[in-house]
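Below: the structure, in structure tokens.
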2 protein chains.
Amino acid sequence: MKVLSKATIYGLRALVYLASEKDRTGYLSIGEISEKLNISFHFLTKTFQTLTQHGILESYRGPNGGVALTKPADQLFLTDIVHVLEGADFFDKCLLGLPGCGVEAPCPVHDFWKVAKAAMKNEFDNTSLAELGEKVTDDRFRLVA
Amino acid sequence: MKVLSKATIYGLRALVYLASEKDRTGYLSIGEISEKLNISFHFLTKTFQTLTQHGILESYRGPNGGVALTKPADQLFLTDIVHVLEGADFFDKCLLGLPGCGVEAPCPVHDFWKVAKAAMKNEFDNTSLAELGEKVTDDRFRLVA
DNA sequence: TAGTTTTGGGACTTAATTGTCTTAAATATG
DNA sequence: CATATTTAAGACAATTAAGTCCCAAAACTA
């Protein structure tokens with residue numbers, strides 16, 4: 001049950017790492033993040049560029065440069081990140097891949113899937129990077145294998 | 001939110017079609033199914049071969065040949081099909097892709113995801129092809145765009 | 001200003017998924 | 001037996017996802 005692409009997975013883990021390091025001021029370098037999380041530096045850089053272009057991150061070049069969240073981590077929610085990295089229709093897809101699946105023309109699993117998607121969306125809408133970052137800071141949850 | 005591969009999507013739709021045509025005796029040809037559901041014949045054939053090899057379908061060659069469910073449709077559940085086409089670990093994957101994510105070493109979204117997966121698994125465990133086939137037969141649900 | 005550090009952006013490679021095609025094997029029919 | 005029908009099996013091509021690399025641009029340091 002693979003729900004998220006690698007780009008999204010890496011992006012999310014990196015953002016939660018950023019949130020978990022909230023006591024540090026200034027920018028965190030992509031090099032540090034990719035090393036700590038054991039993610040390919042170049043791949044993460046590309047994903048971060050997308051997040052920067054969409055206002056989730058701000059970046060700064062040069063020595064002591066890096067990336068930082070544009071907003072306090074308690075104002076950034078999983079939905080925001082998923083929308084940027086997976087597309088705005090992320091929570092609006094038919095389980096059986098039928099285009100335009102809906103109440104007028106539902107697939108046989110539409111009723112169930114609608115509920116499952118809503119639960120998922122609700123959780124993503126209400127889970128902030130701050131919340132996840134704290135879990136990592138408290139050291140009861142991990143971001144890396 | 002793409003959860004199932006194309007192979008699984010096509011396989012499921014085709015199996016539900018088979019279940020929905022339960023009044024017809026004998027085998028249904030892959031040609032008919034692929035045409036009715038607007039699925040590539042060759043691609044569906046490959047998926048059906050996998051399902052045949054794993055005991056979901058039985059096949060018969062030659063004129064009036066085709067495929068048929070090995071068991072009554074009310075004894076075949078979504079979980080059975082998903083296990084064959086997606087792998088037995090389908091309901092056992094970390095949302096953030098961390099190997100070995102579990103109670104001892106959970107990722108930050110583990111608690112939520114565990115619940116979401118269980119709900120999904122419960123639905124798949126208890127939804128039979130017969131149930132879905134009936135919905136299609138009753139003509140209130142569709143299998144094709 | 002020269003050199004170093006860091007992100008930006010694009011080209012490129014590799015791997016996985018999806019889709020197509022060809023031929024073989026099994027079965028039925030005349 | 002010859003021919004038509006249908007699945008089996010695997011090679012092959014196209015597309016998408018994932019990962020790598022290079023060099024330019026921005027910013028700091030000395």
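Below, read A as the first sequence line, B as the second, and so on, with proteins coming before strands; counting in each chain starts at 1.
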Whole angstroms only, please: what is the [atom1]-[atom2] distance between [X] and [N]?
X       : N      : atom1 : atom2 : result
A/Leu44 : D/dA18 : CG    : P     : 14 Å
A/Lys6  : D/dT16 : NZ    : P     : 21 Å
B/Gln53 : D/dA9  : CD    : C1'   : 9 Å

Exercise. Might you confirm whether atom CG of B/Asn38 has over 12 heavy atoms from other residues, nucleotides or ligands at distances under 6.0 Å?
Key: no

Quiz item: Excluding sequence neighbours, so at least two apart, what forms salt bridge (charged side-chain N to carboxylate O under 4.0 Å, His left out) with A/Asp125?
Solution: A/Lys121

Quiz item: By salt bridge (charged side-chain N to carboxylate O under 4.0 Å, His left out), which residues pair with A/Lys93, not counting sequence neighbours?
Solution: none

Practice problem: Check every nucleotide of DNA chain C for an atom under 4.0 Å from a heavy-atom of chain A, then give the first and the last such nucleotide from 5' to 3'. | Solution: C/dT5 to C/dG9

Quiz prompt | For B/Val103, the rest of its hydrophobic cluster, which grows through side-chain links under 4.5 angstrom | solution = none

Practice problem: Run through the side-chain heavy atoms of Ile, Leu, Val, Met, Phe, Trp and Tyr, join any pair under 4.5 Å, and report what else lands in B/Val144's cluster. | Solution: none

Exercise. Between protein and nucleotides 20-30 of chain D, map the contacts as a letter string: B base, S sugar-phosphate only, - none, heavy atoms under 4.0 Å, written 5' to 3'.
Key: BBB--BBBB--

Self-check item: Contacts of B/His83 that satisfy side chain to side chain contact (heavy atoms under 4.5 Å, CB included) - sequence neighbours left out
Solution: B/Thr79, B/Phe91

Exercise. Taking side chain to side chain contact (heavy atoms under 4.5 Å, CB included) as the test, write out the residues that go with A/Asn126, two or more places apart.
Key: A/Asn122

Exercise. Taking only heavy atoms on the protein side, list every residue of residues 9-27 of chain B lying under 4.0 Å from any atom of DNA chain C, sorted numerically.
Key: B/Tyr10

Show me the side-chain donor-acceptor pairs of residues 7-21 of chain A shorter than 3.5 Å, one per line, residues at least two apart or across chains.
residue: A/Thr8; atom: OG1; partner: A/Ser5; partner atom: OG; Å: 3.2
residue: A/Thr8; atom: OG1; partner: A/Glu86; partner atom: OE2; Å: 2.7
residue: A/Arg13; atom: NE; partner: A/Leu143; partner atom: O; Å: 3.0
residue: A/Arg13; atom: NH1; partner: B/Leu96; partner atom: O; Å: 3.4
residue: A/Arg13; atom: NH2; partner: A/Leu37; partner atom: O; Å: 3.4
residue: A/Tyr17; atom: OH; partner: A/Glu32; partner atom: OE2; Å: 2.6
residue: A/Tyr17; atom: OH; partner: A/Lys36; partner atom: NZ; Å: 3.4
residue: A/Ser20; atom: OG; partner: A/Tyr17; partner atom: O; Å: 2.7
residue: A/Glu21; atom: OE1; partner: A/Arg24; partner atom: NH1; Å: 2.8

Please table the atom pairs, donor to acceptor, closer than 3.5 Å between any side-chain atom in residues 49-66 of chain B and protein atoms at least two apart or in another chain.
residue: B/Thr50; atom: OG1; partner: B/Lys46; partner atom: O; Å: 3.3
residue: B/Thr52; atom: OG1; partner: B/Phe48; partner atom: O; Å: 2.8
residue: B/His54; atom: ND1; partner: B/Thr50; partner atom: O; Å: 2.9

Exercise. List in chain and number order the residues that pass ring-ring contact (aromatic ring centres under 6.0 Å, His included) with A/Phe77, two or more places apart in sequence or in another chain; answer none if no residue qualifies.
Key: none

Practice problem: May I ask you to evaluate whether B/Lys2 reaches the phosphate of D/dA17, defined as a side-chain N or O under 4.0 Å from OP1 or OP2? | Solution: no

